[in-house]
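What's counted below: heavy atoms across the whole structure, side chains too, no hydrogens, waters or symmetry copies. Proteins come first, then strands; the chains are lettered A, B, ... in the order of their sequence lines, and each starts at number 1.
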2 protein chains.
Amino acid sequence: MKVLDELSKTHLALSQSELESTFRKVDRITLYRALRDFEEAGIVHKIVDMNGTTRFAICSDDCPDATHNEEHVHFNCQRCHKMFCLQHTHIPDIQLPPGFTHSGINVLVQGVCNKCS
Amino acid sequence: MKVLDELSKTHLALSQSELESTFRKVDRITLYRALRDFEEAGIVHKIVDMNGTTRFAICSDDCPDATHNEEHVHFNCQRCHKMFCLQHTHIPDIQLPPGFTHSGINVLVQGVCNKCS
DNA sequence: TATACAAACGCAACAGTGTTGCATTTATTT
DNA sequence: AAATAAATGCAACACTGTTGCGTTTGTATA
C-alpha cells in the first residue's frame, strides 16, 4: 500500500488530511478504513497531538504489537507543527498511586524541533 | 461560576458534553467560550484523552500559570473511562535528542483505576 | 430613575472528523 | 466465464470546534 510507503518514508506522524493531500485520488473513507485496519493489525500506531488532531505513524521493528507507542516519546514542534516519533527516546517508569494499574503510556513533548531551532 | 464549582468538586477531567449534561440549561457555545476563557486565564487546563476527547480540569494551587498539566500525570481508566488528574504523580525528566528543546510535557497513562480494579 | 454602554448569552451556520450502510467496482477462486 | 469475496466511493449523520450576530442582562453614568 502507498499509505504505508508514505508513512515509512518519514518518522513523522501524519494526520489523515496530510495523507489525503499526498494522494489526492483516494477517498477519505477509504483512507480512514485503511488506517483503522493498519492500526488494528499493529502496523501503525495512532496518536493524538496537542491540538487534538489524530496522527498515524509506522510502527518500528521493535514496536511490540500490542503496546505500540508506549515505547517511545512523541514530540510536537510548535513552529512547524510536525510530530516526531522519537524512536530512541524511551519513556521512564512512572510510579502510580496505589490501586492504579497501568497498561499503556503516552508521552507527548511540546517544544521546538532540531530543524526549527 | 457553576462550571468552576463543578470542576472543583472532582479531580476528574471532564469533557464538554459531560459538563453540558450537568447543567442542561446552558448553551454549548456559552460553555465552550467559558472553558476557553478559563483556560486562557490559567484557571483550568485542557487535555485530550486517548480517544481524542478534549477534557478540562481545574488547576491546582501549585499549578504554574503557564505550564499547567506539565506538572502532573493524567490517568485514563479503560473501564469507567474517567480521566484522573494525578496531582501528586509528577512527570520525570525526559532526555530529548540534541536540537530539540522542550516547553511542555503531557503524560497520559492508560489502565485501570483504583475503584475499578 | 432613566439612559448608555459593556458583558454575557443563545442561535444560526459552517468546516472538519469519525463512523456506518449501501451500492459499485475490482480481484480472486473455482 | 461465473460466482464469490474484497476494496472502494458516496451519501448520510453525529459531534466538535469556531465565528458572527442579534438579544438579553447587568453596570455605570447623567
Quick one: [X] [atom1] to [N] [atom2], roughly how many Å, whole number?
X	N	atom1	atom2	answer
B:D27	D:dG20	CG	P	17 Å
A:E20	D:dT8	CD	P	14 Å
A:I29	C:dT25	CD1	C1'	16 Å
B:Y32	D:dT19	OH	C1'	8 Å
A:K25	C:dT26	NZ	P	14 Å
A:L31	C:dG18	CG	P	10 Å
B:N51	D:dA14	CG	P	21 Å
A:D37	D:dT8	CG	P	10 Å

To the nearest 0.5 Å, how far apart are [atom1] in [X] and [atom2] in [Y]?
X	Y	atom1	atom2	answer
A:T89	B:I94	OG1	CD1	8.5 Å
A:F38	A:L35	CZ	CG	7.0 Å
B:M83	B:T53	CE	OG1	8.5 Å

Legend entry - Any B:Q16 side-chain nitrogen or oxygen under 4.0 Å from OP1 or OP2 of D:dT16: no
Legend entry - Distance test, side-chain N/O of B:T30 to OP1/OP2 of C:dG10, below 4.0 Å: yes
Inset, instruction - Give me the bend of the helix from C:dT1-D:dA30 to C:dT30-D:dA1, using the axes of the five pairs at each end, rounded to 10°. - result: 10°
Inset, instruction - Assign the ring pair B:F75 / A:F100 to parallel, tilted or perpendicular, where the plane angle (0 to 90°) is split at 30° and 60°. - result: perpendicular
Legend entry - Close aromatic pair by centroid cut-off 6.0 Å: B:H90 and B:H88: no
Side chain of [X], backbone of [Y]: donor and acceptor closer than 3.5 Å?
X	Y	value
B:N76	B:M50	yes
A:Q16	A:L31	no
B:T10	B:L7	no
A:S117	B:G99	yes

Inset, instruction - Would you state whether a donor and an acceptor, one from the side chain of B:R36 and one from the base of D:dG17, lie under 3.5 Å apart? - result: no
Inset, instruction - May I ask you to verify whether the side chain of B:R28 and the base of D:dT18 hold a donor-acceptor pair under 3.5 Å? - result: yes
Legend entry - Nucleotide nearest B:R33 (side chain, heavy atoms from C-beta), chosen from D:dG17, D:dG9, D:dC21: D:dC21
So which protein nitrogen or oxygen atoms get under 3.5 Å of nucleotides 25-27 of chain D's nitrogens or oxygens?
none

